[in-house]
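Below is one structure; the comments refer to it alone.
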Amino acid sequence: MEINAREYLEKMRWRLARHHFVNWTTSVHTRVDLDMTLPRQFLSESGLAEGDKPVTLEHLWLCAAARVLRARPVFNVAYDGLREITPRDEIHFRVSFNLGGKLAWGIIENADKLDPQQMAEAYLKATENVQGPEHVQKSPIMRKGRLGRLLDDVLATAVDLAPQVEKRLGLGPGDDGGTFSVLNAGAFGAEDFHAVLLRPAAAMLVVLKPKFVVQPGENGPGLVERVPMSVPFNHNLMDTDAAGYFLFHMQQMLDDPEHFLMGSGEEKTS
Amino acid sequence: MRTFEISFWDRDDPSLSAMLDERVDMLAGLRVPNFAAGANLKMTAPMDELNRWRKNRKHPLGITASVAAALRWALESDGLFASLFDGRDNLLVPDNPSIGVGVDAGNAARIMVVSGEEYSDPLDLADKIEASKRDIPTITPVPFSPGSKEKASNFAKRKRWAKMVKQELQERFDYLLPPLQKRRFDTWASQRGHIQLHNLGTHGVQEFKGLLRRPWVSMLWVLEKDEIVSPGDSGEFVSSPVLPLILVYAQELIPVDRACTFLSKVVEALTDPKCLEDRR
């Protein structure tokens, strides 16, 4: 494949700006392989999988993640990396799609207020207005030319040494869109994935390729479907076990979708 | 058994400083701005066919050489992964990338670099690696010395500090002087390769998370083979070997779908290695 380096860099320009080192957060990799036995059983018994817009496991875990976020709002905040946390009342998912093998991002608004059927409809609707992986909703400043880069580097070093000057210098980390990103890397075949989390996100959800593991059952060993998921989060904000609790909470909801995921679920987060 | 007191590990100790000085170019570049935003992607490749193929060849191949061939094959469909990148404006995509391979040298690994001119196709590369790895000189373990307890002179300390700062500034700001950056890229490719492959499976490593230094855009790591259990044709459970692969790549430059496609290509070549021969 012929690659035109100049064109490619121009296309990725704002994504590169978002990845400037001052925007990286310290995140811990925590992965839990979520058991999909009960949610799959729920799908087949409820008939939701056979409707006009069929509900899939992906819609169920999106619903579960949104409701866990409502119960654990710190995962949904905007964080400047130092001392300013901005709570966000609304939960807007930035969701990844695999469109013909290509990654695209779409937005699902107010994801926590959707039941699985509404989630399936919102998911389908979001695919109509997607952006490529190079898209950035709001980019940090990135000057052109060698001197522009030098100035950016000097300012970034100043921010690195004294983060409180960032606002005074009129700088900022930019934004990718949505309030919480859900990346289904498993749709592209990823079995494990350590992503680099960028400010102002406090966390994200990474879903990996489903796998079948042999487990002892009542009638001897059998196969159990598991979907590995991880939650990279900003370690400045939360303790090491936070992601474990997040994923454990998701598993609880997925094990009882009738109770936790149907309706708007305002009061059913625990 | 030799024992030592940990308190002897003093940075000012001349013998320890000498050891660090040998790696000064590495140490100076270990600042965050000199790293790429390295994401770690894992996939596994089934090994049944691979094991049969590499052992039945006229010149049998080891795992490392086989993966190197698969890596080179995948690079033909996407050369971006063997490019060198300064983090912003300078992206060099070579036509014929040099491949660096970590080879076991007894007590530690040595990096063997096969330049782009030295091989004609992926299998040629694999054969060269297989043939050359026997000639790699063994690294003799250096007996640990507890240090001299002598303190380095102030002059030696200042000299060392100046050398580190010079390296650091060069690495961070070489974009201001393009010839300097070109020289750095060229030296990097010839001494380390455009992309590196390491097989940690020989040491039994099962999990790994890597960092990525600029100007590399990606590196491939092989872990110890694993077994997956699945139902066989007649209902019984069978175990089959798989080879875990970790691709560490620059997240700022490469989207995750492109990284998955690339690593899937490596997996594809390992799943059906005959495609490497068809390529000839």
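Each chain gets a letter, A, B and so on, in the order its sequence line appears, and its residues count up from 1. On a predicted model such as this, the values are computed, not experimentally measured, just so you know.
If you measure heavy-atom distances from B:Thr44 to chain A, the contacts under 4.5 Å come from both the backbone and the side chain. Using a 4.5 Å cut-off between heavy atoms, A:Leu150 touches chain B through backbone and side chain atoms alike. At a 4.5 Å heavy-atom cutoff, A:Leu208 makes no contact with chain B through either its backbone or its side chain. Only the backbone of B:Asn90 comes within contact range of chain A, with heavy atoms under 4.5 Å apart. Using a 4.5 Å cut-off between heavy atoms, B:Ala259 does not touch chain A at all. Looking at B:Arg258, only its side chain comes within 4.5 Å of chain A, counting heavy atoms on both sides. With a 4.5 Å cut-off on non-hydrogen atoms, B:Phe173 touches chain A through its side chain but not through its backbone. Only the side chain of B:Phe85 comes within contact range of chain A, judged by heavy atoms closer than 4.5 Å. For B:Val93, the part sitting under 4.5 Å from any heavy atom of chain A is the side chain, from C-beta outward, and nothing else.
Salt bridge status for B:Lys265 with B:Glu76: absent, with no side-chain N to carboxylate O gap under 4.0 Å. Between B:Arg214 and B:Glu171 no salt bridge is recorded (no basic side-chain N to carboxylate O distance below 4.0 Å). Taking the charged nitrogens against the carboxylate oxygens, A:Asp152 and B:Arg88 do have a contact shorter than 4.0 Å, which makes a salt bridge.
Here the side chains of A:Arg18 and A:Trp14 are not in contact, with every heavy-atom distance at 4.5 Å or above. Annotation: side chain of A:Asn98 is not in contact with side chain of B:Asp257 (no heavy-atom distance under 4.5 Å). Residues B:Trp188 and B:Gln191 fail the side-chain proximity criterion, which asks for heavy atoms closer than 4.5 Å. The side-chain heavy atoms of B:Leu270 and B:Trp73, taken from C-beta on, include no pair separated by under 4.5 Å.
Using cut-offs of 30° and 60° for the angle between ring planes, the B:Trp221 and B:His198 rings count as parallel. Between B:Phe81 and B:Phe262, the two ring planes are parallel [angle under 30°; tilted spans 30° to 60°].
Residues B:Gln206 and B:Leu223 come closest through the heavy atom pair O-CD1, 3.3 Å. Of all heavy-atom pairs between B:Phe208 and B:Leu200, the closest is CD1-CD1, 3.6 Å. Closest approach of B:Pro231 and B:Phe237 over heavy atoms only: N-CD2, 3.9 Å. Across A:Gly132 and A:Trp105, no two heavy atoms sit closer than the pair O-CD1, 4.2 Å.
Highest contact tally toward chain B, considering only A:Met12, A:Arg149, A:Arg15, is held by A:Arg149 [criterion: heavy-atom pairs under 4.5 Å]. Of all the listed residues (B:Ser264, B:Ala250, B:Pro178), the one sharing the greatest number of non-hydrogen pairs under 4.5 Å with chain A is B:Pro178. Taking chain A as the reference chain and counting heavy-atom pairs below 4.5 Å, the highest number among B:Leu263, B:Ile246, B:Leu253 is found for B:Leu253. Of the listed residues (B:Leu176, B:Val32, B:Asp78), the one with the most heavy-atom contacts under 4.5 Å to chain A is B:Leu176.
Contacts with chain B (heavy atom to heavy atom, under 4.5 Å) involve these residues of residues 23-36 of chain A, listed by number: A:Trp24. Near-neighbour residues of residues 221-232 of chain A relative to chain B, defined by a heavy atom under 4.5 Å from a heavy atom of that chain, comprise A:Pro221, A:Gly222, A:Leu223.
The environment of B:Lys209 atom NZ is dense: over 12 non-hydrogen atoms of other residues, nucleotides or ligands sit within 6.0 angstrom. Few gaps surround CZ on A:Arg143; more than 12 heavy atoms of other groups in view lie less than 6.0 Å from it.
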Next item on the list: Before giving the answer on side chain to side chain donor-acceptor pair (under 3.5 Å), spell out for B:Glu236 and B:Ser234 the whole-Å C-alpha distance, their side-chain angles and the decisive distance to 0.1 Å.
Entry: CA-CA 6 Å; B:Glu236 81 287 16; B:Ser234 43; 2.6 Å; yes
